[in-house]
Amino acid sequence: QDIENLLYNNPKHAQSTKTAESIVKSLGNIFFMCQTNFKNKKQAQNKYSFQDLLLLSEKLLSKNKAICKEINAQYQYILVDEFQDVDPIQWNIINMLQHNNNLFLVGDALQSIYSFRGADNHLFQEIKSQFSEKTENHKLVQLKDNFRSQEPIISFVNTFFQSLFSKDPTINFEALKTKRKDTTSKIEFALLPKEKSFQDESEFIATWIKNNFKKTEYKNIAILCRRKKNLSLLKECLILFGIPATVYSPGNWSQSTEILDLFNITSLLIKPYNNLALIGVLKSAFCGLSDQTIYQIYSDYYFVKVIHLG
């Protein structure tokens, strides 16, 4: 009621609220039309999306117990890997196909990355709790032994994530135990202030490499980035610091750094006042300007008053 009064009865917000409401309704109608047309086209071509297959399978199994029984008879066991990424529809299908306690699940809530696709960590925790109850029908096994990583890495992971997840009641972090005895590895952890950019982070990485490795050791270094869009910036920064770098990233060749640089140059030649293309050229290996420098140029209105091409 308070929100309704604020949005509709307050003269300051009433008009903008009604306008937004009208836009949302229009977008909803457009979405419904697109969804209906898309569904009709799929049916006309006898094609189905991945989500269609899930929904239709769930519907088929829920309404035909005989089919469930027939499928059950074909499989002695049902093994499900990456269970933390299973969504409720998939779980319903699995649940309808299991029989005589023939279900084997493997998963880790900390590795769940498909929440955007419907994966529900609460579902994982609920099923895990059911398996935690020791009965003759099911058993929960915690896999804590790590055979890959050395002790310094495991010690860092345990300390860091124990603190990170301590405030999340849905996650029960279990410390890992290393089985390797060699301890030649070490961990160095650095945090940059929030106001720092990826350019600052790239320069920090390049400086750290220069200070800790010989040139002959550069070939032994691998840098992992969370997002591919940052790879080109990192590569450019390393090269500016005299560190040879090569990007290995699967994807569309048309989105490679070289192609995008040529595209931006061509676009700029066609439309000299294309600011987006200009920024791309200035950040490319041809110019190598930093984000801060480009921002300063933009702030001083150089895009309009000073920069002229041709």
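Please read these numbers as outputs of a predicted model, since none were measured by experiment.
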task: Indicate yes or no for a side-chain donor-acceptor contact from N146 to the backbone of R148 under 3.5 Å, with no hydrogens or angles considered.
output: yes

Handout entry: Donor-acceptor pair, side chain of N211 and main chain of T207, under 3.5 angstrom
Key = yes

**Prompt:** So, Q84 and E82: side-chain donor and acceptor under 3.5 Å apart, yes or no?
**Reply:** yes

Sequence neighbours excluded, the answer for ring pair (Phe, Tyr, Trp, His ring centres under 6.0 Å) partners of Y114 is F116

Would a hydrophobic clustering, with Ile, Leu, Val, Met, Phe, Trp and Tyr connected at side-chain separations under 4.5 Å, put V281 with I239? no

Hey, are the side chains of T159 and S163 touching, using non-hydrogen atoms and a 4.5 Å cut-off? no

Check your understanding: Going by atom types only, do S197 and D200 share a side-chain donor-acceptor pair under 3.5 Å?
Key -> yes

Short question: side chain of N72, backbone of C68 - any donor-acceptor pair under 3.5 Å? yes

Review point. What do you reckon, is NZ of K69 surrounded by more than 12 foreign heavy atoms closer than 6.0 Å?
Key: no

Rounded to the nearest 0.5 angstrom, the CD1-CD1 distance for I243 and I205 is 10.0 Å

Point to revise | Check: T178 side chain, S149 main-chain N or O, donor-acceptor pair, under 3.5 Å | key: yes

Within-4.5 Å side-chain heavy-atom neighbours: F161 and L110
no

Do P152 and F156 have side-chain heavy atoms sitting under 4.5 Å apart? no

Practice item. Check whether any side-chain heavy atom of D87 lies under 4.5 Å from a side-chain heavy atom of D120, and answer yes or no. Key: no

**Prompt:** When clusters are formed by joining ILVMFWY residues with side-chain heavy atoms under 4.5 Å apart, either directly or through shared neighbours, do V80 and Y75 land in the same one?
**Reply:** yes

- Any Q43 side-chain heavy atom under 4.5 Å of N40 side chain: yes

**Report entry** Heavy-atom side-chain proximity of F241 to I209 below 4.5 angstrom
**Finding:** no

Report yes or no: do I93 and L123 belong to one cluster of Ile/Leu/Val/Met/Phe/Trp/Tyr joined by side chain heavy-atom distances under 4.5 Å?
yes

Between the OG atom in S166 and the CG atom in L164, the distance rounded to the nearest 0.5 Å is 8.0 Å

| said: Does either side chain, that of S267 or that of N264, offer a donor lying less than 3.5 Å from an acceptor on the other one? | reply: no

Check whether more than 12 heavy atoms from other residues, nucleotides or ligands sit under 6.0 Å from atom CD of E217, and answer yes or no. yes

Rounded to the nearest 0.5 angstrom, the CG-NE2 distance for L97 and H99 is 9.0 Å

Any sub-3.5 Å donor-acceptor pair from D52's side-chain atoms to S49's backbone N or O? yes

Any chance CG of L53 has more than 12 other-residue heavy atoms, nucleotides or ligands included, within less than 6.0 Å?
-> yes

Check: What is the ring orientation for F124 with F83, classed by angle as parallel under 30°, tilted 30 to 60°, or perpendicular over 60°?
Finding: tilted

Donor-acceptor contact below 3.5 Å, side chain S62 vs main chain E58 = yes

Taking C-beta and beyond as the side chain, do K283 and D291 meet within less than 4.5 Å on heavy atoms?
yes

Flag side-chain contact, heavy atom, 4.5 Å: L54 against Q51: yes

